[in-house]
K.L.:
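Can you read through this structure? Questions will come right after.
Just so it is clear, the model here is predicted, and its values are computed rather than measured. If you read the sequence from its start, that first residue is 1, and numbering goes on from there. In what follows, every heavy atom counts, from backbone to side chain, and hydrogens, waters and symmetry copies are set aside.
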Amino acid sequence: MPELPEVETIKNDLDKKIVGTKIVSVDALWPDIVKDIPFEVFSRQVQGAEIINVSRRAKNLVIKLSGGLNLLIHLKMTGHFMIAEDSAEISEEGKWLKTENPNLKEDRQNQFIRIVFHLDNGKILAMSDMRKFAYIKLVDDKELNDFLDGYGPEPFSPEFTEEKLAAIFKSKNIAAKKVLMDQSLIAGIGNIYADEILWASRVHPLSVSSKLSDKDTKEIYKNIKKVLKVAIERRGTSTSDFRDTDGKKGSYGDLRNVYRRTDLPCPMCGGPVERITVGGRGTHFCPRCQKEIR
Ligand SMILES: [Zn+2]
């Protein structure tokens, strides 16, 4: 699933490539990607709208349109946006038939196009989503703000201080990993980066959050920022399906230390990485470097 670094990568790309353009028309290959209203209504409402800006909150992407409307997008498991020239051809099944960008056509992960926005700059904005869990909602500013208010602080916002993180940990008696992944407590961290942050901090994913020491909290705070920053610089992790708006992979996967490295040596001690399940999610850690605190 795209996490903060992947959604941030897409946001930065779209910010450069589509802001200031107008939506000429929208084609749906899978109309149900638009939630709450019929696709025909959606299509009519966004036609002619200008794209004012693109932002990210937690793992949500928000495209602000003229006329007080916003596209609220969650990429869920496998959603990602691509930009191509308007003369590109896409089959009814959502596969690229003809495009100037070879990345789009050659990579299987890009061949599940569900919706295409035609823009007035001669480009298209297309979303591929193999699993069909991604969605787009058309919302006004109030609906948008009410929805986004439910999220915890952004890791790079001024309100997210070490003291704030300590208070969040102290408020819960649950596994440290569950706290990191709870979007109402901290925004944007998912399975990949929670495993990497806890390994770098030498904290066991099942350690009880309220019992973590000040030193543990300090380490986790530092590593949340460090891991996410490097992952953004590396344009995300593409060990699975994530691709950027050029249809290219991110390279953070090459740097990962434990995520999906079961039985491979821990880079810190050389012992084997273990896999357990925490909150229903596959969790990777080093039992030597990360001791559980009950
Ligand atoms: Zn180790």
Side-chain angles (χ1 to χ4, degrees), residues 1-3 6-7 9-11 13-14 17-18 21-49 51 54 59-63 65 71-139 190-192 235-251 253 260:
M1 179 190 272
E3 303 179 27
E6 289 76 29
V7 183
T9 298
I10 295 182
K11 185 265 282 176
D13 281 3
L14 295 183
K17 295 178 178 180
I18 68 169
T21 65
K22 275 186 183 156
I23 298 170
V24 177
S25 62
V26 195
D27 295 332
L29 291 91
W30 187 63
D32 290 353
I33 195 166
V34 171
K35 300 300 177 208
D36 302 337
I37 55 172
F39 179 76
E40 292 68 33
V41 176
F42 172 85
S43 169
R44 253 199 324 273
Q45 295 226 48
V46 302
Q47 203 168 342
I51 294 169
V54 184
K59 301 174 196 170
N60 299 279
L61 199 60
V62 179
I63 300 180
L65 303 176
L71 302 178
L72 170 61
I73 299 148
H74 202 300
L75 302 166
K76 291 286 177 179
M77 305 287 288
T78 56
H80 61 274
F81 275 115
M82 289 165 285
I83 305 272
E85 68 288 353
D86 204 16
S87 57
E89 287 173 25
I90 298 165
S91 74
E92 278 176 34
E93 296 80 41
K95 289 187 168 61
W96 295 99
L97 295 174
K98 202 189 92 192
T99 162
E100 291 164 11
N101 179 350
N103 302 323
L104 302 183
K105 237 181 122 177
E106 283 161 16
D107 191 330
R108 186 177 168 271
Q109 297 299 341
N110 297 329
Q111 313 303 320
F112 302 92
I113 296 164
R114 309 300 182 196
I115 190 164
V116 178
F117 296 85
H118 297 268
L119 307 175
D120 72 349
N121 64 348
K123 305 274 184 186
I124 56 171
L125 172 66
M127 192 206 276
S128 177
D129 179 29
M130 181 174 66
R131 299 286 297 274
K132 288 188 172 175
F133 288 117
Y135 64 75
I136 302 178
K137 293 181 180 184
L138 187 64
V139 294
N191 210 33
I192 302 173
R235 301 181 65 77
T237 300
S238 294
T239 46
S240 182
D241 39 74
F242 174 71
R243 301 293 182 268
D244 70 13
T245 62
D246 268 330
K248 285 191 209 148
K249 293 181 178 184
S251 65
R260 289 197 183 167

K.L.:
Checking the side chain of E6 only, and the main-chain atoms of T237 only, is there a donor and an acceptor separated by less than 3.5 Å?
P.N.:
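Checked: pair present.
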
K.L.:
Could you walk me through whether D244 and R235 pass side chain to side chain contact (heavy atoms under 4.5 Å, CB included), step by step?
P.N.:
CA-CA 8 Å; D244 70 13; R235 301 181 65 77; 3.3 Å; yes

K.L.:
Identify which one of T21, L71, I83, I63 satisfies the side-chain contact (heavy atoms from CB on, under 4.5 Å) criterion when paired with F117.
P.N.:
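Running side-chain contact (heavy atoms from CB on, under 4.5 Å) over T21, L71, I83, I63 with F117 returns exactly one hit, L71.
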
K.L.:
State whether the side chain of Q111 and the backbone N or O of K105 hold a donor-acceptor pair below 3.5 Å, judged by distance alone.
P.N.:
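Indeed, once roles are kept as given, a pair shorter than 3.5 Å links the two residues.
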
K.L.:
For a 4.5 angstrom cut-off between non-hydrogen side-chain atoms, does R108 reach M130?
P.N.:
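With C-beta onward as the side chain, the pair touches.
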
K.L.:
What I'd like to find out is whether the side chain of F242 reaches to under 4.5 Å of the side chain of I10, using heavy atoms alone.
P.N.:
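They are in contact (side-chain heavy atoms under 4.5 Å apart), so the answer is yes.
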
K.L.:
Whether D32 and K132 form a salt bridge (side-chain N of Lys/Arg under 4.0 Å from carboxylate O of Asp/Glu) is what I want to check.
P.N.:
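The answer is no: the pair does not qualify as a salt bridge.
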
K.L.:
Taking the side chain as C-beta and beyond, is there a heavy-atom pair between L75 and V7 under 4.5 Å?
P.N.:
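Yes, close enough: below the 4.5 Å cut-off.
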
K.L.:
Determine whether a donor-acceptor pair (N or O, by modelled atom type, separation under 3.5 Å) exists between the side chain of S238 and the backbone of S240.
P.N.:
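No, the answer is negative, given that no donor and acceptor are paired below the 3.5 Å cut-off.
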
K.L.:
With a 4.5 Å cut-off on side-chain heavy atoms, are L125 and I23 touching?
P.N.:
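No, side chains not in contact.
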
K.L.:
Going by heavy atoms in the side chains, are L97 and I90 under 4.5 Å from each other?
P.N.:
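Side chain of L97 against side chain of I90, heavy atoms only: no contact under 4.5 Å found.
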
K.L.:
Please give me the minimum heavy-atom distance between S128 and Q109, naming the atom from each residue.
P.N.:
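Closest approach of S128 to Q109, heavy atoms only: OG-O, 3.1 Å.
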
K.L.:
Whether the side chain of E3 engages the backbone of N191 through a donor-acceptor N/O pair (distance < 3.5 Å, no angle test) should be reported.
P.N.:
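Side chain of E3 to backbone of N191: a pair is present.
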
K.L.:
Does K249 pair with D241 as a salt bridge, N-O distance under 4.0 Å?
P.N.:
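Salt bridge: no.
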
K.L.:
Do D27 and H118 have side-chain N/O donor and acceptor atoms under 3.5 Å apart?
P.N.:
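Per modelled atom types, D27 and H118 side chains form a pair under 3.5 Å.
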
K.L.:
When rounded to the nearest 0.5 angstrom, what distance separates CG in D13 from CD1 in I18?
P.N.:
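With rounding to 0.5 Å, CG (D13) is 10.5 Å from CD1 (I18).
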
K.L.:
Determine the minimum heavy-atom distance between G79 and A134, stating which atoms define it.
P.N.:
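Heavy atoms only, the tightest pair is CA-CB, 4.3 Å.
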
K.L.:
May I ask you to say whether R114 pairs ionically with D129, meaning some side-chain N is under 4.0 Å from a carboxylate O?
P.N.:
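Result for this pair is no, no salt bridge flagged.
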
K.L.:
Would a 4.5 Å heavy-atom cut-off, applied to side chains only, mark K59 and H74 as touching?
P.N.:
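With C-beta onward as the side chain, the pair touches.
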
K.L.:
Which pair of heavy atoms, one from K35 and one from Y135, lies closest together, and at what distance?
P.N.:
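Minimum heavy-atom separation between K35 and Y135: CG-CB, 3.5 Å.
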
K.L.:
How many angstroms lie between atom OG of S43 and atom CG of L138, to the nearest 0.5 angstrom?
P.N.:
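Going from OG on S43 over to CG on L138, the span is 11.0 Å.
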
K.L.:
Between T9, T78, D107, which is the residue that forms a side-chain hydrogen bond (donor to acceptor under 3.5 Å, both in side chains) with R243?
P.N.:
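Considering T9, T78, D107, a side-chain hydrogen bond (donor to acceptor under 3.5 Å, both in side chains) with R243 is found only for D107.
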
K.L.:
Verify side chain to side chain contact (heavy atoms under 4.5 Å, CB included) between N121 and D86, making sure each step is shown before the conclusion.
P.N.:
CA-CA 9 Å; N121 64 348; D86 204 16; over 6 Å; no

K.L.:
Return the CG to NZ distance between N60 and K137, rounded to the nearest 0.5 Å.
P.N.:
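The distance works out to 9.5 Å.
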
K.L.:
Which pair of heavy atoms, one from A84 and one from A88, lies closest together, and at what distance?
P.N.:
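Result for this residue pair: CB-CB, 4.3 Å.
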
K.L.:
Quick one: NZ on K95 to CZ on F112, what's the gap to the nearest 0.5 Å?
P.N.:
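Answer for the NZ-CZ pair, K95 versus F112, is 6.5 Å.
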
K.L.:
For the side chain of D246 and the backbone of K248, is there at least one donor-acceptor N/O pair under 3.5 Å apart?
P.N.:
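Flag not set: sc D246 to bb K248 has no pair under 3.5 Å.
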
K.L.:
With a 4.5 Å heavy-atom cut-off, do L29 and V116 have their side chains touching?
P.N.:
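Yes, close enough: below the 4.5 Å cut-off.
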
K.L.:
Rounded to the nearest 0.5 Å, what separation is found between the CD1 atom of I73 and the CD1 atom of I115?
P.N.:
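Output value for this atom pair is 9.0 Å.
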
K.L.:
Can you confirm whether V62 sits close enough to K11 that some side-chain heavy atom of one is under 4.5 Å from a side-chain heavy atom of the other?
P.N.:
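They are not in contact (no side-chain heavy atoms under 4.5 Å apart), so the answer is no.
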
K.L.:
What are the two closest non-hydrogen atoms of F39 and V34, and how far apart are they?
P.N.:
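Distance-wise, the nearest heavy atoms are CD1-CG2, 3.8 Å.
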
K.L.:
About how many Å separate OG1 of T99 and CG of L104, when rounded to the nearest 0.5 Å?
P.N.:
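One finds 4.5 Å between CG of L104 and OG1 of T99.
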
K.L.:
Is there a donor in the side chain of N110 and an acceptor in the side chain of H80, or the other way round, less than 3.5 Å apart?
P.N.:
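Yes, H80 and N110 have a side-chain donor paired with an acceptor closer than 3.5 Å.
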
